[in-house]
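Here is the structure we will look at.
All chains are named by letter (A, B, ...) in the order of the sequence lines, taking the proteins before the strands, and each is independently numbered beginning at 1. Basis for what follows: all heavy atoms, side chains included, without hydrogens, waters or symmetry-related copies. For clarity, every value in this text was computed on a predicted model and none was experimentally measured.
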Amino acid sequence: GTTDRQSRADAGLTVYAAASLTDVFPAFDKDEKYSFGGSNALAAQITNGAPADVFASANTSLPAQLYAKGLVEKPVNFTRNTLVIVVPKSNPAGIHTVYDLAKPGVKVDVANSAVPVGGYTLQILKNMNLTAKVSPNFVSQETDVREVLAKVALGQADAGFVYSTDAQTVPGQVTVIKMPAWAQPKITYAMAVVTKSPNQAAAKAFVDSILGKAGQAALVKYGFLPLAKPAAKPIKPIKKKAKK
Amino acid sequence: MADLAADFTLPLRSFELELGLRVDRTVALVGPSGAGKSSVLRALAGLARPSRGRIALGDDVWFDAERRLFRQPDERSVGLVFQEYALFPHLSVRRNVAYGGRARVDEYLERFHIGHLAESSPTELSGGERQRVALARALAREPGLLLLDEPLSSLDAHTRTTVRAELQELLREFALPTILVTHDFDDAAALADEVGVIVQGTLRQLAPPQELVARPADAFVASFTGANLLRGVARRTADALTEVRLETGEAVFSADPGEGAVGVVVYPWEVTLGREPHTDSALNSIVGDVRSVVTVGTRVRVQVGPITAEVTASSAERLEVERGGRVVASFKATGTRLVPLG
Amino acid sequence: MADLAADFTLPLRSFELELGLRVDRTVALVGPSGAGKSSVLRALAGLARPSRGRIALGDDVWFDAERRLFRQPDERSVGLVFQEYALFPHLSVRRNVAYGGRARVDEYLERFHIGHLAESSPTELSGGERQRVALARALAREPGLLLLDEPLSSLDAHTRTTVRAELQELLREFALPTILVTHDFDDAAALADEVGVIVQGTLRQLAPPQELVARPADAFVASFTGANLLRGVARRTADALTEVRLETGEAVFSADPGEGAVGVVVYPWEVTLGREPHTDSALNSIVGDVRSVVTVGTRVRVQVGPITAEVTASSAERLEVERGGRVVASFKATGTRLVPLG
Amino acid sequence: MRKALHVVGLFAATALTLGFLVLPLAALFTRQSPVELVHQLSNPVVTDALKLSVVTSAIAQALILLLGTPTAYLVATRRFPGRSLVVTLVELPLVLPPAVAGIGLLVAFGRVGLLGSTFDALGISVAFNRTAVVLAVAFVASPLYLRAAIAAFEALDPNLVAASRTLGAGPVRTFFRVALPLTSAGLAAGAALSLARGLGEFGATIMFAGSLQGVTQTLPLAIYAEFDRDFDVAVTISALFVVITAAILLSLKLSALWRTSQRTSRSLFARLSWS
Amino acid sequence: MRKALHVVGLFAATALTLGFLVLPLAALFTRQSPVELVHQLSNPVVTDALKLSVVTSAIAQALILLLGTPTAYLVATRRFPGRSLVVTLVELPLVLPPAVAGIGLLVAFGRVGLLGSTFDALGISVAFNRTAVVLAVAFVASPLYLRAAIAAFEALDPNLVAASRTLGAGPVRTFFRVALPLTSAGLAAGAALSLARGLGEFGATIMFAGSLQGVTQTLPLAIYAEFDRDFDVAVTISALFVVITAAILLSLKLSALWRTSQRTSRSLFARLSWS
Ligand SMILES: Nc1ncnc2c1ncn2[C@@H]1O[C@H](COP(=O)(O)OP(=O)(O)OP(=O)(O)O)[C@@H](O)[C@H]1O
Ligand SMILES: Nc1ncnc2c1ncn2[C@@H]1O[C@H](COP(=O)(O)OP(=O)(O)OP(=O)(O)O)[C@@H](O)[C@H]1O
Ligand SMILES: [Mg+2]
Ligand SMILES: [Mg+2]
């Protein structure tokens with residue numbers, strides 16, 4: 001009950017953050033508790049009453065939806081990222097460009113389309129109109145980006161779409177194949193304070209620290225891209241229910 | 001010493017158990033398997049609830065259907081010894097005996113000659129020892145009624161007789177109203193003052209053992225007491241005798257009156273063997289092959305066709321009876337009884 | 001008709017079963033529970049593998065330790081009837097009988113009077129019927145050796161005698177080498193030509209029933225055949241008699257020679273009852289309380305102190321023996337046998 | 001009053017326990033009207049998953065029966081050293097977290113796992129395809145069957161087997177004519193349980209086989225996927241599951257009940273009244 | 001030769017089955033040297049998860065024993081209509097996918113669930129915290145105990161209970177002096193199984209309690225989390241798991257074995273040689 005929220009207040013904030021932030025957040029502020037996972041899964045948990053103080057998503061739409069439902073305060077963008085292809089060091093399928101993914105029998109691992117990175121993957125393929133050629137090679141739809149990375153690193157899959165930042169976390173195990181900039185979707189991370197959070201102040205502080213110099217520096221250090229326009233202006237909520 | 005007065009109906013799976021009984025001394029219940037013997041004990045002990053009637057020990061009422069009164073087993077002053085003794089395997093002999101009555105345990109251990117087993121586990125005991133423990137446990141509670149379910153059946157042939165004698169003494173000592181269930185007529189005769197024969201949940205006959213042998217109420221009782229039972233059809237004859245035409249064809253005569261389908265009851269020791277058939281109608285004779293010859297001490301049991309005769313070893317030798325041979329079995333018309341066949 | 005020749009050692013849990021046996025007719029194995037009786041049958045049927053020896057039916061060798069030869073049960077011409085009959089509950093009586101030998105099923109159904117039960121399930125049968133089915137099933141295979149494990153033990157007292165007679169006839173008919181296991185000496189005596197007494201895995205005595213009664217090899221055999229066994233210490237006396245001082249204090253005399261711890265064997269029908277003790281050393285007398293009185297037909301079994309007497313009903317009446325009374329039990333010194341006590 | 005008290009306590013505890021176990025399942029049906037539930041079932045996600053689950057479970061079940069039955073028979077009828085170790089091994093997957101099972105399967109059969117290269121050489125691929133699903137399902141489901149089967153074969157009266165042998169039937173005939181018919185009930189029970197368990201396999205599958213609609217996304221994976229996407233669909237599938245498994249178990253119970261009711265009375269004192 | 005053949009087949013099937021079940025578990029130990037394994041265990045993720053798992057499992061187990069035992073006793077000793085339905089309900093969670101359990105718990109006790117508002121009013125929150133973990137564990141683990149306990153109480157010779165009653169012991173005394181001691185073995189077995197199962201709970205927890213290190217991230221969740229982060233850690237925890245659960249089950253088996261070995265021989269024909 002409330003008591004154990006109190007205890008959490010003492011124990012620091014509970015931050016629900018996209019899987020791609022797994023390394024940077026704890027490195028930047030190790031006093032908080034983190035729950036990393038697919039942004040959509042985290043959103044769902046918050047909807048179901050998960051006691052999060054801050055929600056950091058790998059896209060802007062999910063925070064916007066929660067904001068629309070009044071579950072979180074007004075979201076703010078805090079960083080950007082780019083999409084890359086990773087292949088196992090051994091590169092069994094001999095993947096060198098994105099076009100190789102169209103070769104028959106290549107095991108391409110992607111994230112669930114509801115997961116931000118999954119959405120971005122579909123988008124980039126569409127931009128390069130490779131969707132028809134590559135999507136037949138999809139072998140799985142993982143629940144978050146790190147699972148894609150893991151499956152590729154393990155060599156289970158021949159290739160996978162992840163954020164460039166994730167690719168850097170397992171240097172020895174995967175080879176990165178860059179994607180053309182023109183095809184890159186607009187990958188913007190947004191975060192918000194959870195309305196029900198008993199630690200509004202501390203939560204706000206955390207958000208600000210991320211937006212602040214140190215926070216941005218840490219993000220860049222881990223390969224994230226600084227925001228195009230430093231001013232974090234609110235985006236208007238998009239009222240659409242994610243339904244296929 | 002209060003008497004037990006029981007009169008109740010207990011619905012069983014396939015039939016109803018209907019019983020009226022007054023017990024001051026030892027009553028044995030005999031009957032075939034499934035007759036309802038154990039169920040009687042269950043009802044008296046409060047382990048099963050009758051649908052009708054009344055059970056009381058003296059003026060202490062245990063069950064009364066009218067008054068919706070049903071005392072739980074632990075509220076009845078009853079000692080029940082189970083068919084397989086149901087000793088607590090996880091408790092030592094002493095703690096088994098102490099379970100019901102903590103008072104004079106050692107005394108009981110001694111009394112039943114199981115003092116030396118006090119600390120051992122029931123699982124290590126012989127059949128006879130187990131039975132003694134079970135009795136001690138039941139009696140240590142100093143009950144007003146003693147119930148024994150086949151106390152001898154799980155003993156093997158030659159411990160049986162000795163244990164039976166022990167039991168006989170104990171029953172006399174404690175002089176409690178006692179009901180004991182058994183399969184075996186000899187046990188019943190040895191242990192009980194009265195024997196009740198139960199079949200299909202109804203009490204066929206309740207009488208002293210000798211009485212049952214002398215005047216069996218029906219075919220079942222007769223064969224149960226070890227008599228030969230010859231099935232046939234009876235019709236009166238000119239002289240005072242009844243003629244019975246047996247299923248096997250022969251005609252036999254009895255001094256008993258009878259009509260229609262009857263069983264001719266004759267005990268093995270009333271049958272004599274010979275070589276020549278008799279013509280005298282007062283003396284029945286049945287000719288047949290010797291189907292078995294069993295020597296029991298000085299007596300020989302010979303099965304001739306449908307009938308078993310028990311004769312002295314000497315006469316058996318004289319006749320040179322042996323399997324397969326032909327002999328004549330004779331018995332007096334006055335030595336037979338007729339029982340109706342249901 | 002080939003004979004069975006078996007001589008083997010079978011290690012059991014707590015002791016070794018050691019047996020040498022030649023069977024042409026019916027041999028009964030008797031002995032206390034756990035003696036190894038069933039194990040013998042298991043070894044012969046190939047259900048257990050002896051560590052040593054040889055088993056052969058005629059010149060058809062089933063087991064030979066030297067030659068590492070062990071024939072599986074299904075490769076031995078043996079019919080085994082199990083203690084609880086082990087009928088297949090999921091098959092009709094007919095299919096049970098047909099299981100072993102499909103050839104002349106109906107014939108066997110008729111022969112064993114179970115034709116009318118052909119389609120019913122074994123679970124619906126009475127004990128006696130079950131036993132007949134089990135026998136039919138075992139014999140339908142037309143085996144060269146018949147093994148019966150306590151064929152009567154699971155029948156209740158009064159079907160028992162009739163079934164015993166049936167069995168007796170069947171054994172004679174088929175005239176197979178047969179081994180039957182039993183707890184009960186009377187069954188053994190009734191059914192077998194020779195009786196073997198097994199205790200703790202060793203054959204104590206193998207002889208015709210009468211022989212066992214006449215000359216029991218040891219205390220166990222004696223008490224097993226229904227004799228009284230009085231324990232005591234023997235010492236030679238001036239005259240040709242042996243004096244035995246009983247545990248109970250009395251001294252009795254026997255015509256048998258003996259030394260040290262012995263058992264005095266005397267059969268109930270050799271004991272007479274009276275009021276006055278005798279002084280003649282040729283006639284032993286034991287004074288004691290009457291502990292039980294059981295009437296069996298014309299005979300009465302009276303337990304006096306340590307000894308049981310079987311007397312005629314008339315003499316029992318004359319003496320007015322009844323529980324608790326004091327009488328004198330007498331038996332001839334020549335009527336006793338002495339057996340060593342291990 | 002002491003007596004009344006203990007009875008009350010007894011019933012209270014029971015009510016609480018059952019309530020706790022039943023409520024979550026009941027709740028699944030309260031969110032939507034039955035109509036909506038049924039309607040949701042036509043959702044392609046659900047139908048695809050259902051098809052896949054049925055197919056893979058069927059294959060897995062077939063394997064389990066074919067290989068598990070002899071195994072159980074052997075374990076049950078032979079006494080050998082380390083027997084209880086084997087039984088334990090058989091039971092392990094029963095209590096292991098599916099995640100562990102998944103990881104185990106990956107390191108064993110995965111492309112980089114122990115046998116990965118072997119499989120590649122054989123041209124078998126067990127990654128991200130039905131084969132992987134079947135393996136995962138078989139791995140977590142078989143123990144339930146094996147356990148039940150072993151128990152059933154152990155309960156089989158050895159005298160009946162012996163009787164069959166002495167009546168001239170060889171081991172094989174004995175097995176099919178006696179052992180199998182008499183244990184069928186127990187085996188069926190085991191099969192039903194393992195079937196239900198297999199249908200519900202989640203953790204191992206998602207790690208070892210991945211989750212792709214129509215290929216490797218079984219019902220439980222669909223639940224998980226829809227949990228983030230469309231909660232109602234997740235609830236629907238869950239409800240569907242409860243119905244299926246309940247049906248399986250209940251039919252099992254009833255058949256068992258029916259069988260026993262045919263047999264004779266269990267012990268005499270069964271009916272002893274307590275309160 | 002027919003005979004030899006069937007024996008070969010028998011052993012082949014067994015080898016295949018056991019191999020399939022054992023290999024994945026064995027493989028877990030091949031990736032790293034025992035030293036590395038042990039070393040990994042000091043990883044805070046592992047220690048946190050271990051602590052949490054121990055605490056929550058302990059609480060859940062306590063609840064299960066306290067409430068489950070009387071329930072099982074009632075169900076086992078009373079004949080009442082719909083009894084087999086109850087038993088089925090008790091067994092359902094055993095075969096339901098944990099995912100379903102998770103969803104069920106959410107819709108029942110979650111914030112938006114049936115009792116959510118009630119709980120909120122009471123100021124209790126049972127979603128995504130320790131309480132949630134305990135509930136999830138209890139929900140999936142209790143059936144294993146209940147089943148075993150019911151079986152144990154049913155196997156208890158009713159004559160012994162009856163004897164106790166006729167010896168003047170009331171129901172309560174009878175329960176504690178006779179029923180409980182004589183079923184302890186069975187109950188222990190059930191408890192051990194449910195403990196193991198509870199420790200391994202994954203699907204329901206992740207959905208109902210989330211995965212927050214130190215708060216709701218039990219060992220299985222840690223495995224799942226580390227699978228994405230550091231595969232070796234995941235493998236380590238998995239190996240740890242195999243060891244723990246194997247230990248639990250094995251000790252169980254051995255104690256059982258020990259007990260039976262004390263009793264007298266099971267049936268005579270047990271030793272019947274087959275091949
Ligand atoms: N708990 C019970 N409820 C209803 N019927 C029962 C119960 N127990 C036994 N019966 C039925 O009551 C009948 C009599 O059983 P009971 O055990 O009293 O017979 P019995 O004479 O003791 O048999 P046996 O000599 O084999 O012990 C049987 O048909 C049995 O099926
Ligand atoms: N499969 C077995 N392996 C080893 N020992 C056994 C086996 N079965 C029984 N025994 C032991 O062999 C001994 C004799 O058993 P067996 O059944 O042959 O005796 P029995 O004379 O038939 O007893 P009963 O008259 O009670 O049937 C017993 O001590 C028993 O513990
Ligand atoms: Mg009875
Ligand atoms: Mg035997």
Side-chain angles (χ1 to χ4, degrees), chain D residues 6 10 13-14 16-17 21-25 27-28 30-31 67-68 70-71 74 84 87-93 95-100 103-105 107-108 114 158-159 162 171-172 193 196-197 200 202-203 220 223-224 227 234-235 238 241 245-246 249-250 253 257 267 269-270 272 274, chain E residues 6 10 13-14 16-17 21-25 27-28 31 67-68 70-71 74 84 87-93 95-100 103-105 107-108 113-114 158-159 162 171-172 193 196-197 200 202-203 207 220 223-224 234-235 238 241 245-246 249-250 253 257 267 269-270 272 274:
Chain D
H6 88 262
L10 205 56
T14 311
L16 197 57
T17 313
L21 287 176
V22 173
L23 192 61
L25 307 183
L28 290 171
T30 59
R31 270 182 70 94
L67 294 177
T71 308
L74 196 73
S84 65
V87 178
T88 311
L89 281 176
V90 166
E91 287 178 349
L92 256 184
V95 285
L96 276 178
V100 173
I103 302 243
L105 287 165
V107 289
L114 286 181
N159 284 354
V172 177
L193 282 179
R197 176 74 178 81
F202 168 62
I223 295 177
Y224 192 61
F227 171 67
V235 173
S238 304
F241 245 112
T245 33
L249 288 189
L250 208 54
K253 279 276 161 315
L257 205 69
S267 171
F269 295 87
L272 169 54
W274 284 93
Chain E
H6 89 262
L10 205 58
T14 310
L16 197 56
T17 313
L21 287 176
V22 173
L23 193 61
L25 306 183
L28 291 172
R31 272 182 69 94
L67 294 176
T71 308
L74 196 73
S84 65
V87 177
T88 312
L89 280 176
V90 166
E91 288 179 348
L92 253 184
V95 286
L96 274 179
V100 173
I103 301 262
L105 287 165
V107 290
L114 282 181
N159 284 356
V172 177
L193 281 179
R197 176 74 179 82
F202 169 63
M207 290 202 161
I223 295 177
Y224 192 59
V235 173
S238 304
F241 244 112
T245 33
L249 290 187
L250 206 53
K253 281 276 161 317
L257 206 69
S267 172
F269 295 87
L272 170 54
W274 283 93

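Contacts of E:Phe202 with chain D are made by side-chain atoms alone, with heavy-atom separations under 4.5 Å and no backbone atom involved. Contacts between D:Val22 and chain E at a heavy-atom distance below 4.5 Å involve the side chain alone, from C-beta outward. Within the 4.5 angstrom heavy-atom criterion, atoms from both the backbone and the side chain of D:Leu28 approach chain E. Both the backbone and the side chain of D:Tyr224 come within less than 4.5 Å of a heavy atom in chain E. In this structure, chain E has a heavy atom under 4.5 Å from the side chain of D:Leu16, while its backbone stays farther away. Proximity to chain D (any heavy atom under 4.5 Å) is shown, for E:Leu193, by both the backbone and the side chain. For D:Thr30, the part lying under 4.5 angstrom from a heavy atom of chain E is the side chain only. Both the backbone and the side chain of E:Pro220 come within contact range of chain D, with heavy atoms under 4.5 Å apart.
Separating the CG atom in E:Leu92 from the CG atom in D:Leu249 is a distance of 5.5 Å, to the nearest 0.5 Å.
Nearest heavy atoms, D:Pro98 versus D:Arg197: CG-NH2, 4.5 Å.
Chain D forms more heavy-atom pairs under 4.5 Å with one residue of E:Pro93, E:Ala234, E:Ala13 than with any other, namely E:Ala13. Ranked by heavy-atom pairs under 4.5 Å with chain D, the list E:Val87, E:Thr245, E:Leu67, E:Thr14 is led by E:Thr14. Put simply, of D:Pro97, D:Gly200, D:Ala108, the one with the most heavy-atom pairs under 4.5 Å next to chain E is D:Pro97. Looking only at heavy-atom pairs under 4.5 Å with chain E, the residue among D:Ile223, D:Leu96, D:Leu89 that has the most is D:Leu96. Each of E:Leu105, E:Leu74, E:Leu25 has some count of heavy-atom pairs under 4.5 Å with chain D, and the biggest count is that of E:Leu74.
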